[in-house]
Amino acid sequence: MSFLISLILLKRRPLGSQQDRRSIRVGIPKFLNVWGTHQFWVGFFKALGVGKIIFSSDTSEEQYRTYGKGRITMDSCYPVKALAGHMGELLYKDINLLFVPMIYSLPSFLRGHVVDTLSCTRVMMSVENIRAGFTRERDEFSQRGISLVSPFVPFGEPELLPKYLWESLKEVIPGLTLEETAKAVEEGFRSLWDFEKRMREKSLEIIKWCAKNQRPALLVLARPYHMDPGIGHEIDAEFQPYGYPVLWYNYLPLDDWLLDWLFGKEIRAGIIKSPFDISDVWTSSYSSNTNEIIWGAKFSARLPWITGVIRLSSYECGMDQPTFTPVQKIVESSGTLYFKFGELDETKPAGSVKIRVETIIYYLEKYSKDIIERKLKRLGPIPKELLV
């Protein structure tokens, strides 16, 4: 143990001795569904006036082996197992509240024409599985003066959020009321929507650049936690030195004029009810991430400048398995190139990734110009907003 960490542990005070909320230091593991909701938690805790919010580092082999050793669940899903490293690392940070939400359903821009927004049950329950690794022989949280809170979080039913969060936090945040929690939830959503708005505007800037310069881009279809360099192995970043902008499906622009250009004909023909309707290609719409991946595939099949799609998936992901064939068919039916990096786990095969990236670049350089021309012919004139 380093001298700095020893100092942190010595000066830590349990929540019971807090004089006010400014002395509360919240630790949040940067894992799984927190990748898609982190801005909500930042806005929520800031609104409650806590002193500091500390996220764990990106997933790494060092983190996994140093802090997760002996606490890892017997699970084949590496993103789930990696949670032990994130929680263990935070035990050595200057925190007195460890907040690990059990996210049952997720906020999604796909509402109205999908069945539900549920998250993977294995992901949701991972908190309880990993917690057991820290309490099996002794309670490591209480020994270190840290309170662990892991509320049930149904983002798909936002009216229930204040109740669940208040019931979990009222014992560790002095004077917390249900009304105050409800206002903090509103601030959390405002923070999340503002962040996503900025990300979508950035994606639109990239698409405009592609339209003006007739340049191709790539779209990544994966789960948000594949943005974690230790989970997605930075495969997306490998393409950028070659001059290919990379878009992520969950931050695609949702401007009405753009969606009307891409989906308007099908809506007026009665094939779909709205740009967000995926019932024409996917009827089992129970999972938020899965629904959005299917929609992202439809978007990529229509937007001319997306000439290649990269699919990422973790080892033995049961939620992803049924979508592989539909997504590939949707993408390839438009002539767009489709590439898959499946079964990702803790092993980063850097050499084979590099070879595959070079192969994909070859196909992109050879076919992108023809793909853009063919896709443009299927659509009407390019909207003036794209050429501004």
Side-chain angles (χ1 to χ4, degrees), residues 202-222 235-255 257-269 271-272 275 278 280-282 293-313 323-342 352-388:
K202 195 66 184 175
S203 295
L204 183 58
E205 280 182 30
I206 293 170
I207 291 172
K208 285 181 176 179
W209 180 84
C210 291
K212 288 178 190 173
N213 298 284
Q214 291 302 292
R215 291 284 301 161
L218 284 164
L219 178 71
V220 176
L221 297 178
I235 291 171
D236 54 332
E238 295 279 348
F239 292 93
Q240 299 198 30
Y242 293 93
Y244 286 91
V246 176
L247 301 163
W248 281 74
Y249 77 95
N250 39 337
Y251 297 125
L252 288 170
L254 304 177
D255 303 74
W257 56 266
L258 179 60
L259 298 184
D260 183 68
W261 187 50
L262 300 178
F263 297 97
K265 287 182 182 176
E266 294 159 81
I267 296 171
R268 289 184 279 278
I271 299 171
I272 53 177
I278 58 173
D280 56 325
V281 293
W282 187 250
I293 285 172
I294 295 285
W295 186 82
K298 292 183 64 176
F299 187 100
S300 71
R302 287 157 179 77
L303 192 79
W305 302 282
I306 295 177
T307 62
V309 168
I310 306 297
R311 182 73 196 272
L312 307 180
S313 183
T323 69
F324 288 150
T325 300
V327 166
Q328 183 171 357
K329 284 186 175 179
I330 292 166
V331 173
E332 291 187 337
S333 66
S334 67
T336 306
L337 299 170
Y338 175 84
F339 308 96
K340 179 184 160 199
F341 290 77
S352 63
V353 167
K354 184 175 177 60
I355 292 170
R356 289 194 64 192
V357 167
E358 289 175 352
T359 303
I360 292 168
I361 293 298
Y362 167 80
Y363 282 104
L364 288 169
E365 290 177 350
K366 184 173 183 178
Y367 295 111
S368 286
K369 184 172 181 292
D370 291 340
I371 293 170
I372 292 172
E373 289 176 355
R374 284 201 304 271
K375 291 168 85 171
L376 278 172
K377 285 180 181 176
R378 298 191 198 112
L379 296 166
I382 299 175
K384 63 180 187 306
E385 292 90 341
L386 269 183
L387 302 175
V388 174

With a 4.0 Å cut-off, would you call K298 and E266 a salt bridge?
-> no
So, are K208 and E205 salt-bridged, with charged N and O less than 4.0 Å apart?
-> no
Applying side chain to side chain donor-acceptor pair (under 3.5 Å), which residue pairs with at least one partner in residues 239-251 are found, sequence neighbours left out?
-> D236-W248
Which residue pairs pass the side chain to side chain donor-acceptor pair (under 3.5 Å) test when at least one of the two sits in residues 368-378, sequence neighbours left out?
-> T307-S368, T336-K375, K369-E373
For [X], all residues meeting side-chain contact (heavy atoms from CB on, under 4.5 Å), sequence neighbours excluded:
X    : result
D260 : R268
I382 : W261, W305, L376, L386, L387
K354 : E358

Any side-chain heavy atom of L258 sitting closer than 4.5 Å to one from L303?
-> yes
V331 side chain reached by R311 side chain, heavy atoms, under 4.5 Å | no
Take the angle between the ring planes of W295 and F263 and call it parallel below 30°, perpendicular above 60°, tilted in between.
-> parallel
Does F341 have R356 sitting over its ring (NZ/CZ under 6.0 Å from centre, angle to axis within 45°)?
-> yes
With sequence neighbours left out, what residues match E385 under side-chain hydrogen bond (donor to acceptor under 3.5 Å, both in side chains)?
-> none
